[in-house]
Amino acid sequence: MRPSLNLRAALVSLLLLGVLLLGWYVATLPQASKAVNVDPEYAALMGGGAVKKSGMPTPAEVGHTLIDKLAHPFYDHGPNDKGIGIQLAYSLARVLGGFALAALVAIPLGFVVGMSPIMQRALNPYIQLLKPISPLAWMPLALYTIKDSSASAIFVIFICSLWPMLINTAYGVAAVKRDWLNVAKTLEVSPLRKAFQVILPAAAPTILTGMRISMGIAWLVIVAAEMLVGGTGIGYFVWNEWNNLSLTNVIFAILMIGVVGMLLDALFAWMLRLVAYNE
Amino acid sequence: MQANFLKVEGLSRVYPSVRGQAPLTVFDNVHFSIDQGEFVCIIGHSGCGKSTILNVLAGLDEPSAGLVFMDGREVSGPSLDRGVVFQGHTLMPWLSVMKNIAFAVKSRWPDWSRIKVSAHCQQFIDLVGLTGSEHKKPSELSGGMKQRVGIARAFAIQPKMLLLDEPFGALDALTRGVIQDELLKICAATAQTVFMITHDVDEAILLSDKIILMTNGPRARIAEIVRNTLPRDRSRSDIHKDPQYYRIRNHLVDFLVSRSRRMADVSAGEYDPRHPPEITLGLVEVVATEAVATIKQPALHLV
Ligand SMILES: Nc1ncnc2c1ncn2[C@@H]1O[C@H](COP(=O)(O)OP(=O)(O)OP(=O)(O)O)[C@@H](O)[C@H]1O
Ligand SMILES: [Mg+2]
């Protein structure tokens, strides 16, 4: 019997990983030939050995960092030296804060927009105008009015999470099948019960898809926002390590950003499966 | 038994013109009434406005003109007093069979306990032969099973009047027969008032006390109302042994095949929309054929 598709795909994935690591390894091998041409004294001055090492960290170095840092994710040695877990927690807290605020505004507003054609038309120009603005463009205004860098980052997350949730909620609510609303009408269902037991479950997959898109964008934006406001968070960590010229740590941080982003997306994919329905 | 339990007066439905087209008058000046406990079927070709009339009776659609009264009060919106089985299946796909029905039952009796609700639902699930499928989602059911859930949902709220839009359309002959029998039983036991759309002549004769025949649209109207003179305790198995059955059946089929189109062309004249001709076939053969002949006559002249 042939191995299952999943197994074969996993094998190909592993193979690709091997190729990538090998390529990386070869590209960052110490380059002995160049070193021969360099004056040994100069080479000694520059860094000790006759063998010049490229600025790019090798897979082994990144691997070491990975193990070291993940072994102690939550240490805190002052503002410039915190464990990766703490930095990620700061970023996640900001993302969740901004995202929750956005959901609190976008979902009820989306209901109103989706149910009322007047509101839909009235609000549409604003949504269309505000949606394409890069959330980071709000940063100066946020810093000026809120005067707190962390809160400003949360505000930026709020702004960027708002639009996909608002638009999807409005669309999902407006697209609820007339038939189901008619059933609710003939059963004299109260407006509140209709909202929660008919419209919400009917629109839930669309709404959650909007939330998933929002979360994806928020996680993209938080890194940039924290690079700007500084202090704490994974974005600040990346910038700080760049200033320290520690590319090993930068690569490590990039990996962590990817992993967390993937987990967040998987969480929403799971929730989406819970509310999905087949017609 | 209250006469004229439901009364429809001068009902018209006009869809406004779109993109320069003439406005569409689906039906015009329709009058009829239904007594309490009466089972009325309406037959007519596709597009003549049967579903539209039913939606108006349900309170879901506003007529362009005319009034509907039920139990002496004007119908101005949907109500739990009228249970509707829609033409398409309209189950909520995120709810199981049981929960779809429970949704209706809880709407009807909000203070019932959970146990009481589920026992009541179970009774109607059993009735439509879906025992064992209580916890399936609509997507796991066949078309006919979905339709049966819709029927159970409408029956379960025990409305004063049932409005059924081709409720047995997607059922196989066997299931259809079983549910028709059940429907007859329920109606006999509870004196349920029913308004039902069907395309099936045999079904109409089996179930109904009177059959409303509609001419082809647009501007459809009631061509005639056929009284079903077969005894009320008829059953599927021996209904065709009665000679009246074929007379009524031939009359209806003849209407659908040819007269529905011809009668649509007849201009007003002797036709009174308030009192469309009422046909009582069957009892005395000679009288009946004459009655048919007199109605046929003007139509033949005009074509
Ligand atoms: N929203 C609408 N706008 C314009 N015309 C409509 C609209 N809805 C229905 N109609 C027209 O009204 C007429 C009656 O429709 P209806 O659904 O009542 O027919 P029906 O008799 O139930 O047909 P069927 O037997 O196929 O179910 C049709 O000719 C249709 O084209
Ligand atoms: Mg119809």
Side-chain angles (χ1 to χ4, degrees), chain A residues 103 107-108 110-111 114-118 121 165 168-212 267-279, chain B residues 51 54-62 75-96 99-110 136-141 143 146-147 149-165:
Chain A
I107 293 174
F111 255 76
M115 291 210 274
S116 140
I118 298 181
R121 278 167 205 218
M165 277 197 265
N168 269 45
T169 306
Y171 175 75
V173 168
V176 172
K177 274 197 8 190
R178 277 288 296 267
D179 288 347
W180 301 331
L181 298 176
N182 278 346
V183 168
K185 271 192 204 161
T186 57
L187 294 174
E188 297 185 57
V189 172
S190 72
L192 209 63
R193 186 154 174 254
K194 185 175 85 178
F196 280 101
Q197 296 193 8
V198 181
I199 298 176
L200 189 62
T206 322
I207 296 174
L208 258 175
T209 305
M211 295 175 84
R212 188 179 180 183
L267 178 71
F268 278 91
W270 172 74
M271 290 199 283
L272 203 53
R273 268 204 305 281
L274 289 186
V275 299
Y277 56 83
N278 281 326
E279 273 188 50
Chain B
S51 296
L54 186 129
N55 281 341
V56 171
L57 299 191
L60 291 169
D61 198 355
E62 293 247 319
V75 168
S76 57
S79 149
L80 278 160
D81 287 340
R82 290 179 300 276
V84 188
V85 176
F86 294 92
Q87 186 165 14
H89 89 86
T90 50
L91 305 178
M92 316 221 179
W94 57 90
L95 296 179
S96 66
K99 286 188 175 154
N100 260 291
I101 300 172
F103 181 80
V105 172
K106 279 186 219 153
S107 311
R108 182 77 169 83
W109 296 284
K136 286 193 177 144
K137 294 276 169 69
S139 58
E140 300 164 80
L141 303 178
K146 284 186 226 176
Q147 235 174 4
V149 182
I151 293 168
R153 181 174 62 186
F155 286 15
I157 60 168
Q158 299 177 338
K160 287 187 185 161
M161 179 165 191
L162 276 173
L163 303 169
L164 314 176
D165 196 343

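In what follows, every chain begins at residue 1, and chains take the letters A, B, ... in the order their sequences are listed. Just so it is clear, the values below take in all heavy atoms, side chains as well, and ignore hydrogens, waters and symmetry mates.
- In terms of heavy-atom pairs under 4.5 Å with chain A, the best-connected choice from Gly77(B), Ala58(B), Ser79(B), Ala104(B) is Ser79(B).
- At a threshold of 4.5 Å between non-hydrogen side-chain atoms, the residues Phe86(B) and Val183(A) count as touching.
- The closest donor-acceptor contact from the side chain of Asn100(B) to the backbone of Met92(B) lies under 3.5 Å.
- Ranked by heavy-atom pairs under 4.5 Å with chain A, the first of Val84(B), Thr90(B), Leu163(B), Leu80(B) is Leu80(B).
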Under the salt bridge (charged side-chain N to carboxylate O under 4.0 Å, His left out) criterion, do Arg108(B) and Glu188(A) qualify, and how do the steps go?
-> CA-CA 8 Å; Arg108(B) 182 77 169 83; Glu188(A) 297 185 57; over 6 Å; no
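- Residue Ala202(A) touches chain B through both its backbone and its side chain, counting heavy-atom pairs closer than 4.5 Å.
- A cation-pi arrangement is present between Arg193(A) and Phe103(B), with the terminal nitrogen or guanidinium carbon under 6.0 Å from the aromatic centre and inside a 45° cone about the axis.
- Using a 4.5 Å cut-off between heavy atoms, Val198(A) touches chain B through backbone and side chain atoms alike.
- Looking at Leu95(B), there are no atoms closer than 4.5 Å to chain A (heavy atoms on both sides), in backbone or side chain.
- Remark: the backbone N or O of Pro159(B) is not paired with any side-chain donor or acceptor of Asp81(B) at under 3.5 angstrom.
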